[in-house]
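Order of the sequence lines fixes the chain letters, A, B, ..., with proteins taken first and strands second; residue numbering starts at 1 for each chain.
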Amino acid sequence: MSTLATKTYNPQEIEPKWQKVWEEQQIYRTEDEEEGKPRFYALEMFPYPSGRLHMGHMRVYSIGDVISRFKRMNGYQVLHPMGWDAFGLPAENAAIQRGIHPRKWTLENIQHMKEQQKRLGVSYDWEREIATCLPDYYKFTQELFLLFYERGLAYRKKAAVNWCPSCTTVLANEQVEDGKCWRCDSEVTKKELEQWFFKITDYAERLLQDLEKLDGWPERVKTMQRNWIGKSTGAEVVFAIPEIGETVSVFTTRPDTLYGVTCLVLAPEHPLVPRLVKGKDTEAEVLAFVEQMRRESEIARTSADAEKVGMFTGAYAEHPLTGERIPIWIANYVLVDYGTGAVMVVPAHDERDFQFAKKYQLPIKVVIQNPERTLVAEEMAEAYVDDGVMVNSGPFDGLSSREGIKAVSQHLAELGKGGPAVSYRIRDWLISRQRYWGCPIPIVYCDRCGIVPVPKEQLPVLLPDDVVFDGKSNPLTTSELFVHTTCPRCQGPARRETDTMDTFIDSSWYFYRYTSAKDTERPFDPEKVKKWLPVDKYIGGIEHAVLHLLYARFFTKVLYDAGLVDHTEPFKSLLTQGMVIKDGAKMSKSKGNVVSPDEIVEKYGADTGRLFILFAAPPDRDLEWSDSGVEGCHRFLNRVWRLVEEHVHLFGAERPAPQVQDEASKALYRLTHATIKKVTDDIELRYHFNTAISAIMELVNGIQERKAVADSGTLAFAIETLLLLLAPFAPHITEELWHRIGHQESIHRQSWPKYDPAALEVDEVEIAVQINGKLRTKLTVPAKADKGEVEQLVLADDRVRTYIEGKTVRKVIVVPGKLVNVVVG
RNA sequence: GCCGAAGUGGCGGAAUUGGCAGACGCGCACGACUCAAAAUCGUGUGGUCUUUGACCAUGUGGGUUCGACUCCCACCUUCGGCACCA
């Protein structure tokens, strides 16, 4: 001991020191060969290597690290890896603006951010590090693309797709927020392009159903996914169009209103439109209208308060049940890519249809009668959209709406004119990107063979270096070497696909790669995946609720169907951490309210920063940054340091055993065990690190209070326990102090302390005494006293007697160990 | 409009199963130490009043209960998602 002189807490010295030791001794390496130990996969969403860490990163890593360290100390074999979501636009923009190659820019950023992470003292197994932009990773992204292709889940189609003019690339629906690009906020326009899609719609139902299984997910996220998938049940109704010998289908959630149809409306882009107007007077006008609609932005067309604009095509359909002639219109408010791109208009019972009918003087026909107040078509000021009783509906008259929905659907099915149907809001995932810094799509186009996938053995299709970054066109198209290739099938000349994949594909399977990051033969080792997956605790921001988290679930289901994984959901439990707020706004460069992890580490040390972040709020809530709060946490660590330093002498060659004879020692001993229980439960059951830390603070306060009077064994026990409990939160200071009190082995290899239930027992408890529900006094009673005895003691108390004097005691409620309520009147 | 989450001191937050509202920390005030300051330590700190005590307090108004921050009903506010989705 004498070699370690008393000194002050100096995080700048001890933090790098221990980080080096941990790295050299590889104490966080995951040995998955070790059998018989329970496993735990703790995962934080891997970052985009933008250049530097921000507080949001520090927060998510701090949370993940506490969980990992806690689980390790509790005897788990923990997988806690880190990697880089390393493809993406900013790298390419840097290339355009500053002439740095995206690869160089990205790898340098990774290097820098990795060092920042190491300074935080996070316990990663760096052996498993991955970066999605490296060929040994994206080779397998390509292999998985081929798997999707083989299974018919990757296909090409021409469609009006979202185009971000600023990023000069297309975007998936999930990546358009309020009509704007999710990354750069520019207004998204529509472009007619032939693009690659993943058939996520095939999985819509399972993605929806399986949300039920995800008990460990926040309700909020599940709701967002449900909304996004947007399932509606109803019926498909087929209308014949005799004049062109075609049919048109509509989807409706209200087949019970079918007799009220007074017109059909097709989306302007509906494929039948040109044929409907061909040769008619309306042709020129209608086609011009269609053109105009195509040009209008999505936001203008789909915002709820936009005016409904339509036009009669001159064509008629036949009502499937009555044979009536139904005029066919086109209108802006009907979307081509939802349902069938056509709707039946029932003005009396749908608000939009009502407005449309009023504007264009279409007939209104009541077919659902309001049981409360009889509806008269001519007098209606708005649509009646509630349930009611069917009228004017032929054989269905008298049925309720609910019954009618079933009966009409059934009837349509029997006639072969439709039937029960389901529609989803979710669209297929557009995965093509006209950009360089992404994973090349392993496809070639051959004049003779058509679309040919690159055989697995020829992967990876490498990103070429002879490209031009001019910010105008996709750089990949500028590489002669890349574009011109030979067809893998016929060896003839062929052209490579120059689109790269959406980077959300890279991140849809990375959590599998960590289990076998160095496997050169396959994306992952199914045996190892079986051991580790699903992820036990996944931690990240809410912003990925319907992006990454939906895509990753989709991938897992496809891999399951392909027999590559044995589970259908990748993330058993999800922790969505809140934002970091300062002065009422999210920390951001533009607001100028940024505090960087680096400056906190330099000024106070990583331990202080971590402790503050975990203490200031529960992980799922927004965290209000407070400089004085950070100071407070730093003061606390200083107090811990001094407390331990003052008592180093207790930890000599032979440790004193706790005596626990006097009252102070008993109290301290009990507090120590109570703190173990509290901290353990808070971490393990609730993930409420703020209250765990406050309990540790209370333990420190309790030790301070009794350090002069408690026996040295009890004191030593309390101090040692304190360090163990604090270790997951503040790994450096606890490691240093652990060694300073004479231990040789790392504190992070110790077992988590166990509390002794017997130690929590007390002889006497203080209970609250209420008279008629109001707190009047407190009383100390023997802990073992039964309800009757407690009641006697309370009723005999002088203060209680002054309240019940002259009144009748009607009832006495005794909550053992807590409270007594005397009801008088 | 529909769905979801939340609303508690000057501030961040606590109260885990319906049982002492405000733990812990910040801030503030006073005191000790000091020539002084910083640091540190100690004490106090929801509000009101007629202050050894009582009353009022968990967004608002009702309700259930011996007892409600917690459960029920209605409403208000904030945040988030979806929204002309047929």
Side-chain angles (χ1 to χ4, degrees), chain A residues 8 177 218-232 234 237 250-254 257 265 267 301-308 331-335 337-346 350-353 355-356 423-427 542-543 545-546 578-579 581 611-612 615-618 620-633 635-636 638-639 642 678 681-682 685-686 688 690-698 700-701 704 766-778 810-825:
Chain A
T8 51
E177 295 163 354
E219 206 44 54
R220 191 158 61 127
V221 177
K222 290 193 275 187
T223 304
M224 282 161 77
Q225 293 211 355
R226 273 187 207 111
N227 284 343
W228 187 263
I229 295 167
K231 179 179 181 176
S232 316
V237 187
V250 303
F251 173 75
T252 177
T253 54
R254 293 292 302 275
T257 66
V265 180
R301 248 186 78 184
T302 60
S303 79
D305 36 51
E307 211 192 326
K308 291 176 179 37
N332 61 343
Y333 75 99
V334 178
L335 307 172
D337 50 3
Y338 180 76
T340 61
V343 301
M344 60 184 216
V345 171
V346 185
D350 181 282
E351 198 45 48
R352 291 154 305 176
D353 295 350
Q355 287 173 26
F356 191 72
S423 188
Y424 299 91
R425 206 189 72 97
I426 192 172
R427 318 281 159 79
I542 187 84
E543 65 272 17
V546 281
M579 289 185 296
I581 303 285
L611 196 69
F612 169 72
F615 178 60
D620 54 349
R621 266 211 245 174
D622 285 351
L623 182 155
E624 176 78 32
W625 188 267
S626 149
D627 291 326
S628 45
V630 178
E631 296 267 4
C633 287
R635 270 202 292 273
F636 169 72
N638 262 302
R639 264 201 299 278
R642 285 196 304 271
K678 169 78 178 154
D681 289 350
D682 279 353
L685 307 177
R686 304 202 305 151
H688 277 202
N690 55 333
T691 49
I693 292 167
S694 78
I696 296 172
M697 288 172 169
E698 285 179 81
V700 170
N701 294 345
Q704 292 286 9
E766 191 186 54
I767 57 163
V769 179
Q770 295 180 337
I771 312 292
N772 286 343
K774 282 197 195 310
L775 179 70
R776 293 303 180 189
T777 184
K778 290 178 181 186
R810 302 197 183 277
K811 208 175 189 181
V812 179
I813 288 128
V814 180
V815 182
K818 291 206 167 153
L819 158 152
V820 173
N821 188 12
V822 183
V823 184
V824 296

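Between A:Val812 and A:Val822, the shortest heavy-atom contact is CG2-CG1, 4.4 Å. Across all non-hydrogen atoms, the minimal contact from A:Asp622 to A:Ala617 is O-CB, 3.8 Å. Minimum heavy-atom separation, A:Gly339 to A:Ser423: CA-OG, 3.6 Å. Across all their heavy atoms, A:Met344 and A:Thr257 have their closest contact at CE-OG1, 3.7 Å. Scanning all heavy atoms of the two residues, the minimum distance from A:Phe356 to A:Ala331 falls at CE1-CB, 3.7 Å.
Shown here, B:rU77 is classed anti by the O4'-C1'-N9-C4 or O4'-C1'-N1-C2 angle, which is more than 90° from 0. Anti is the glycosidic conformation of B:rG63, whose angle departs from 0 by more than 90°.
On the P atoms, B:rA68 is 11 Å away from B:rC20, given to the nearest whole Å. Comparing the C1' positions of B:rU52 and B:rC41 gives an interatomic distance of 31 Å, to the nearest angstrom. Using P as the reference atom, B:rU60 and B:rG7 are 13 Å apart when rounded to the nearest Å. A gap of 29 Å separates the C1' atoms of B:rU17 and B:rC3, to the nearest Å. Spacing between B:rC56 and B:rG67 at atom P, rounded to whole Å, works out to 15 Å. B:rU70 sits 11 Å from B:rA21 when the C1' atoms are compared, rounded to a whole Å. Comparing B:rA57 with B:rG10, their P atoms are spaced 16 Å from each other, to the whole Å. To the nearest whole angstrom, the two P atoms, one in B:rC69 and one in B:rU16, are 12 Å apart.
Whole-Å rounding puts the A:Arg226 CZ to B:rA83 P distance at 17 Å. The NZ-C1' distance, from A:Lys231 to B:rA83, rounds to 20 Å in whole Å. Computed from coordinates, the A:Met344 CE to B:rC85 C1' distance equals 15 Å when rounded to whole Å. The CD1-C1' distance, from A:Ile581 to B:rA6, rounds to 14 Å in whole Å. The NZ atom of A:Lys222 sits 15 Å away from the C1' atom of B:rC3 (whole-angstrom rounding). The CZ atom of A:Arg776 sits 6 Å away from the P atom of B:rA54 (whole-angstrom rounding). For the pair A:Leu623 CG and B:rC26 P, the computed distance is 16 Å after rounding to whole Å. Put simply, CD on A:Glu624 is 17 Å from P on B:rG10, counting in whole angstrom units.
The residue A:Asn701 sits close only to the backbone: its heavy atoms come under 4.0 Å of sugar-phosphate atoms, none of a base. Within the nucleic acid shown, A:Arg642 comes within 4.0 Å of sugar-phosphate atoms alone, with no base atom in reach, counting heavy atoms only. Backbone-only engagement by A:Arg639 is indicated by non-hydrogen atom pairs under 4.0 Å involving sugar-phosphate atoms exclusively. Residue A:Val343 is classed as a base contact, given a heavy-atom separation below 4.0 Å to a base. Using a 4.0 Å heavy-atom distance criterion, A:Gly632 is classed as a sugar-phosphate-only contact. Using a 4.0 Å heavy-atom criterion, one finds that A:Pro618 contacts the sugar-phosphate atoms exclusively.
A:Thr691 has its side chain within reach of A:Lys678: a pair of non-hydrogen atoms, C-beta onward, lies under 4.5 Å apart. A:Asp337 is listed as a side-chain neighbour of A:Arg427, based on a closest heavy-atom distance under 4.5 Å. For the pair A:Ile767 and A:Lys778, the minimum side-chain heavy-atom distance is 4.5 Å or more.
Rounded to the nearest 0.5 angstrom, A:Ser694 OG and A:Asp682 CG are separated by 7.5 Å. Atom CD1 of A:Ile693 is separated from atom CG of A:Leu611 by 4.5 Å, given to the nearest 0.5 angstrom.
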Step by step, would you call A:Tyr338 with A:Tyr424 a ring-ring contact (aromatic ring centres under 6.0 Å, His included)?
CA-CA 8 Å; A:Tyr338 180 76; A:Tyr424 299 91; 9.5 Å; no
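Residue order along RNA chain B, read from the 5' end via each residue's closest nucleotide, puts A:Gly629 first among A:Gly629 and A:Phe251. Of the two residues near RNA chain B, A:Lys811 and A:Thr223, the one whose nearest nucleotide lies more 5' is A:Thr223.
In this model, the phosphate group of B:rC56 is approached by a side-chain N or O of A:Lys774 to a distance below 4.0 Å at OP1 or OP2. Checking the phosphate oxygens (OP1, OP2) of B:rG12, no side-chain nitrogen or oxygen of A:Arg621 falls inside 4.0 Å. Applying the 4.0 Å criterion to OP1 and OP2 of B:rA86, one finds that A:Arg425 has every side-chain N and O outside that range. Taking side-chain N and O atoms only, A:Arg220 has no distance below 4.0 Å to OP1 or OP2 of B:rA6. Between A:Arg352 and B:rA83, a side-chain N or O to OP1/OP2 separation shorter than 4.0 Å is absent.
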Produce a footprint string for nucleotides 15-23 of chain B: one letter per nucleotide, 5' end first; B if the base is under 4.0 Å from any protein heavy atom, S if only the sugar-phosphate is, - if neither.
SB--BB--B
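The side chain to side chain contact (heavy atoms under 4.5 Å, CB included) test with A:Gln770 singles out one residue from A:Val823, A:Val820, A:Thr777, A:Leu819, and that residue is A:Leu819.
In RNA chain B, runs of at least 3 consecutive Watson-Crick or G-U pairs, each pair with both distances below 3.5 Å, span B:1-7 with B:76-82, B:10-12 with B:24-26, B:27-32 with B:40-45, B:46-49 with B:53-56, B:59-63 with B:71-75.
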